[in-house]
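Here the structure is a predicted model, which means the values were calculated and not measured. Chain naming here is simple, since letters A, B, ... match the order of the sequence lines and numbering starts at 1 in each.
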2 protein chains.
Amino acid sequence: MLNISPAEIDRQMDWISSISDKEGKGTTRLLYSESWVEAQKALKELFEKAKMKVEFDAVGNMFATVEGSETPESIIASGSHIDTVVDGGRLDGQLGIMAAYLAIKGLVEKYGQPKKSLRIVSMAEEEGSRFPYAFWGSKNIFGLAKKEDVENIKDNEGIPFETAMREAGFDYLSEKPHFNKMDAFVELHIEQGNFLEKAEKKVGIVNAIVGQKRYTVKLKGEANHAGTTLMKYRKDVVDCYARIVAEIIDKANEIGDPLVVTFGHVEIIPNVVNVVPGEMEFSIDTRHTDQKALDDFAKFIEATITKHTQEREIKLEMNLWMNEPPVPMDQKIVDVLEKVCQTNKLNYQVMHSGAGHDSQIFAPQVPTAMIFVPSINGISHNPEEHTEAVDIVQGIQALAEALKELAY
Amino acid sequence: MLNISPAEIDRQMDWISSISDKEGKGTTRLLYSESWVEAQKALKELFEKAKMKVEFDAVGNMFATVEGSETPESIIASGSHIDTVVDGGRLDGQLGIMAAYLAIKGLVEKYGQPKKSLRIVSMAEEEGSRFPYAFWGSKNIFGLAKKEDVENIKDNEGIPFETAMREAGFDYLSEKPHFNKMDAFVELHIEQGNFLEKAEKKVGIVNAIVGQKRYTVKLKGEANHAGTTLMKYRKDVVDCYARIVAEIIDKANEIGDPLVVTFGHVEIIPNVVNVVPGEMEFSIDTRHTDQKALDDFAKFIEATITKHTQEREIKLEMNLWMNEPPVPMDQKIVDVLEKVCQTNKLNYQVMHSGAGHDSQIFAPQVPTAMIFVPSINGISHNPEEHTEAVDIVQGIQALAEALKELAY
């Protein structure tokens with residue numbers, strides 16, 4: 001097994017995460033910004049120093065390849081996205097690129113040229129933080145993004161998507177090669193949850209990414225004076241909301257993991273102390289790794305809301321505006337990961353991902369799996385995002401052993 | 001019984017409610033504004049035409065008196081407040097002044113000079129709409145307002161209270177007489193609720209004004225990623241809130257009228273779809289006519305909140321920032337009102353007031369009661385506030401008969 005030094009992880013992550021649009025703690029590196037161009041260029045130099053062949057596609061995804069000795073057209077790839085959210089942490093996305101670099105560099109140093117090609121992928125964009133479009137990097141690799149998708153979108157400062165892209169040196173209309181042929185893709189990422197930390201595990205082998213449904217629900221009852229309207233004459237939307245939330249959360253707890261449901265957003269009208277609330281809008285976000293389980297729970301949600309609103313004569317509008325299917329990871333790659341963790345006595349756990357990742361775009365196209373490393377307190381998309389380097393070592397070792405198994 | 005004409009009610013209400021700071025539907029007449037000065041002046045002329053003696057106190061409360069023939073120092077008074085909220089209706093406050101005028105004028109015309117004096121009171125202010133101070137009129141009558149209370153307060157345009165008062169021609173430091181001696185005070189007001197309408201009654205005899213407690217409650221759990229945090233690892237404040245609301249409303253329904261409880265205000269942090277809410281603030285407003293019942297329910301509220309937050313390890317801050325006792329009306333005056341309603345076959349109901357009124361300031365000082373007339377849909381503090389004149393007639397007749405009973 002490779003010897004990965006925590007100090008080396010910290011050195012590399014401090015260096016790459018310091019390339020930011022803003023000074024201070026954390027990293028802000030939006031698609032096609034100055035620091036984005038600088039980071040891709042800096043990584044290119046790093047990878048070229050390690051004698052890898054570096055290429056860009058038409059939108060700025062970068063590929064660094066160590067050619068295979070026997071079947072160089074067979075590609076075993078690893079990587080993640082180089083962009084961050086505004087005031088993001090030092091690990092989200094870029095750790096996956098650096099982990100691929102440390103693993104592939106270590107493998108070549110220790111075992112020489114692989115039989116199949118090994119490739120680092122530094123993807124242009126995943127977060128959707130600058131423009132209202134996410135997975136721009138991975139979708140372009142597989143020809144899933146359309147010109148029309150970004151033709152009319154602008155950032156917060158009014159800069160059109162295409163202008164930003166061309167100023168960064170890329171033009172998606174040019175006839176550059178795609179890099180969509182792979183035998184396997186393995187993405188390492190921080191968990192962004194607290195499951196590994198609570199379970200005291202260092203490596204998560206992801207076997208599925210959750211499907212997700214999001215609703216906006218509007219309730220309309222009657223705004224009334226809080227003093228002069230007897231309880232029996234009220235159509236109180238907050239009363240109705242409380243029953244809906246309690247019953248749906250109770251049911252989710254009864255069904256158990258990996259089902260989650262969240263009531264994250266709520267606005268009430270008029271929202272004053274002495275008026276019975278007459279209108280409200282709230283959100284529901286529910287996720288599961290199994291399509292049928294997710295669909296069944298959505299039916300329960302809809303029936304519960306309908307029941308409580310009808311009982312209270314409250315008008316209902318319910319809008320399911322996000323409905324993404326679960327994405328299973330490739331079982332063969334999951335098996336490889338589990339085998340190398342067992343062989344090398346790594347402290348692992350097979351688990352699912354509750355958040356979206358580039359791997360969900362890859363998985364329907366090429367054999368794909370993910371490795372999670374712990375996130376302290378599950379904090380992410382925040383400058384406080386952190387994992388001790390010593391807790392990342394086993395994840396990179398698992399990645400390296402899997403790449404060795406697949407490419408040597 | 002007096003013959004009160006609906007057309008005359010409409011004519012007078014249209015006239016007085018048209019004196020407004022703003023054009024259009026509804027009335028805006030803030031304390032010491034131009035339209036406030038104009039309205040009090042117009043009423044003075046109206047009352048003087050009816051041969052009443054009109055006087056102002058130091059803050060602008062107006063008193064119009066028909067002197068009694070036998071014991072003129074015994075005063076039977078009726079009236080309400082001349083100010084309105086911003087974009088208020090045409091009935092709130094001013095109907096009580098006009099009802100007193102129509103009743104007293106009608107009594108004198110029909111029955112001649114009363115034995116005791118009859119007095120209309122047009123109070124300067126009740127709403128607290130221009131300055132952050134309510135019941136300025138009634139509190140000054142009984143010497144309950146202090147100079148310090150208004151010394152440093154300003155309206156939204158930065159005009160100090162005292163400047164506004166002096167510009168309107170009043171100076172609370174001058175040595176003018178108080179008008180605090182009364183044998184009885186009866187205030188007619190719109191219900192501002194839907195009780196009389198639902199019960200199909202035209203006259204409400206108010207036997208108590210509710211006591212009121214208001215809380216601000218802050219919950220602090222943990223903000224977490226909506227996808228990556230399993231249900232069992234959450235400290236979800238909205239989940240906790242739902243249990244609190246449902247249990248407290250269930251208990252209020254079980255206890256029954258006249259107890260009410262309202263969760264009118266809520267803010268959650270960060271209030272986004274895909275984050276388990278970590279913090280929230282909400283309000284509770286609860287009211288009852290009986291002090292012990294109100295105190296007992298407040299204990300239940302506090303215990304319920306404490307229980308649910310402790311069960312979920314959620315930090316709690318609870319602030320009881322309003323705690324006003326119930327105010328019973330004078331039983332003898334209530335009896336007089338009930339007797340005249342029965343004698344004259346008026347369609348009445350004894351009830352409580354769920355909102356505050358000038359009468360709650362009067363009641364501890366002089367024998368006081370209130371008459372309610374219906375409010376269509378309970379709408380008030382809104383240009384849509386309305387009651388058909390035909391539904392006000394019986395209220396004014398009840399008032400007139402009670403004044404006759406007390407003063408003749």
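Across A:Ala226, A:Gly256, A:Pro258, A:Gly193, the residue that shares the most heavy-atom pairs under 4.5 angstrom with chain B is A:Ala226. Between chain B and the residues A:Val210, A:Val261, A:Asn224, the largest count of heavy-atom pairs under 4.5 Å involves A:Val261. For the set A:Glu191, A:Arg234, A:Gln212, the count of heavy-atom pairs under 4.5 angstrom toward chain B peaks at A:Arg234. The candidate with the highest count of non-hydrogen atom pairs below 4.5 Å against chain A, out of B:His265, B:His352, B:Met351, is B:His265. For the options A:Val245, A:Thr216, A:Thr286, heavy-atom pairs under 4.5 Å to chain B are most numerous at A:Val245.
To the nearest 0.5 Å, atoms OG1 (A:Thr262) and NE2 (B:His225) are separated by 9.5 Å. One finds the CG atom of A:Leu230 at 4.5 Å from the CG atom of B:Asp257 (value rounded to the nearest 0.5 Å). One finds the NZ atom of A:Lys232 at 7.0 Å from the CZ atom of B:Phe195 (value rounded to the nearest 0.5 Å). Note: A:Tyr241 OH to B:Phe263 CZ = 13.5 Å, rounded to the nearest 0.5 Å. B:Asn253 CG to A:Met231 CE: the interatomic distance, rounded to the nearest 0.5 Å, is 5.0 Å.
You'll find the side chain of A:Val260 stays beyond 4.5 Å of the side chain of B:Thr229, heavy atoms only. Counting heavy atoms from C-beta outward, A:Arg287 and B:Thr228 have side chains that stay 4.5 Å or more apart.
When heavy atoms are compared at a cutoff of 4.5 Å, B:Leu259 approaches chain A solely by way of its backbone atoms N, CA, C and O. When heavy atoms are compared at a cutoff of 4.5 Å, A:Ile248 does not approach chain B at all. Heavy atoms of A:Val272 lying under 4.5 Å from chain B belong exclusively to its backbone. Residue contact with chain B, scored on non-hydrogen atoms closer than 4.5 Å, is absent for A:Val237. In this structure, the portions of B:Asn274 lying under 4.5 Å from any heavy atom of chain A include both its backbone and its side chain. Only the backbone of B:Val275 comes within contact range of chain A, with at least one heavy atom under 4.5 Å from a heavy atom of that chain.
Of residues 375-383 of chain A, those residues with a non-hydrogen atom less than 4.5 Å from any non-hydrogen atom of chain B are, in numerical order, A:Asn377. Listed by sequence position, A:Val276, A:Pro277, A:Ser283 are the residues of residues 276-284 of chain A in contact with chain B, using a 4.5 angstrom heavy-atom cutoff.
Other residues, nucleotides and ligands place no more than 12 heavy atoms under 6.0 Å from the CG atom of B:Asn156. Annotation for B:Glu311: atom CD counts as buried by contact number, over 12 foreign heavy atoms lying within 6.0 Å. Counting non-hydrogen atoms of other residues, nucleotides and ligands closer than 6.0 Å to NZ of B:Lys307 gives a total above 12.
Residue B:Ala246 comes nearest to A:Ala242 through the heavy atom pair N-CB, 4.1 Å, listed as atom of the first residue, atom of the second, then distance.
With 3.5 Å as the limit, one finds a donor-acceptor pair spanning the side chains of A:Glu267 and B:Asn271.
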Side chain to side chain contact (heavy atoms under 4.5 Å, CB included) assessment of A:Asp236 paired with B:Ile249: CA-CA 10 Å; A:Asp236 179 346; B:Ile249 289 182; 4.0 Å; yes
